[in-house]
Amino acid sequence: MKIAIGADHAGYYLKEALREGILADYETLDFGTYSPERTDYPFYAFAVGEAVVGGKADFGILICGTGIGMSIAVSRVPGIRAALCTNVYMAKMARAHNDANILCLGGRVIGVGLAEEIVQAFLSTSFEGGHHARRLELLDRGPQRNGG
Ligand code: RB5
């Protein structure tokens, strides 16, 4: 399993900790940032999102201060289903019910231990399909074709 990862300055230290910890067992594509110097999160969100929809990685992990900016930015890449998770239950459901392909984390919100448990839950949970798949099809159709 190949994981694309990216962070801004506020997510840099958590990205490094995950790479050296739980992600050491996975093949990773690190799209930066490569230092704690201030930068802009959309660059990393778009790079990781495009790596996932382009098939270069199976899943993406994006980290900013809250995870909110990354989730907003990467959701603009067609084909991305991003989930901002602050606990293990959300991470499991993001995969089981939403078939999320990007996990967003807040480097200023959670610690390394919880982040590792969230990543583990996200990467080890499968999509349940069934009626959840129908909802993903509705998402792909967009509001115009759903009467919205
Ligand atoms: C950077 O200060 C911070 O705004 C950014 O990392 C992120 O939390 C935005 O959503």
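Counting from 1, the numbers follow the sequence of the chain as shown. We count ligands from 1, going down the list as the structure has it; atoms in each ligand are counted the same way.
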Only heavy atoms of Asp8, strictly under 4.0 Å: list the atoms of ligand 1 that pass.
5 (C), 6 (O)
Return yes if some donor-acceptor pair links the side-chain N/O of Asp40 with the main-chain N/O of Pro42 below 3.5 Å, else return no.
no
Atoms of ligand 1 less than 4.0 Å from Tyr41 heavy atoms?
9 (C)
Answer yes if a protein heavy atom lies under 4.0 Å from atom 6 (O) of ligand 1, otherwise answer no.
yes
Should you measure from each heavy atom of Ala10, which atoms of ligand 1 turn up under 4.0 Å away?
6 (O)
Contacts of Gln120 meeting side chain to side chain donor-acceptor pair (under 3.5 Å) (sequence neighbours excluded), chain-then-number -> none
Classify the ring geometry of His132 against His97: parallel below 30°, tilted from 30° to 60°, perpendicular beyond 60°.
parallel
Residue Gly65 vicinity, atoms of ligand 1 by number, heavy atom under 4.0 Å
5 (C), 6 (O), 7 (C), 8 (O)
Are Ile102 and Phe31 connected in the hydrophobic side-chain network, where two residues link if heavy atoms are under 4.5 Å apart?
yes
Residues pairing under side-chain hydrogen bond (donor to acceptor under 3.5 Å, both in side chains) where one sits in residues 71-88, two or more places apart or in two chains, turn out to be Arg81-Asp99
One finds that the ligand 1 atoms under 4.0 Å from a non-hydrogen atom of His9 are 1 (C), 2 (O)
Short N or O distance, Gly69 and ligand 1, threshold 3.5 Å exclusive
yes
How far apart are the C-alpha atoms of Asp30 and Lys15, what are their side-chain angles, what is the distance that settles it, and do they pass the salt bridge (charged side-chain N to carboxylate O under 4.0 Å, His left out) test?
CA-CA 9 Å; Asp30 185 354; Lys15 173 172 75 72; 2.9 Å; yes
Examine ligand 1 and decide if any of its atoms is less than 4.0 Å from a heavy atom belonging to Arg108.
yes
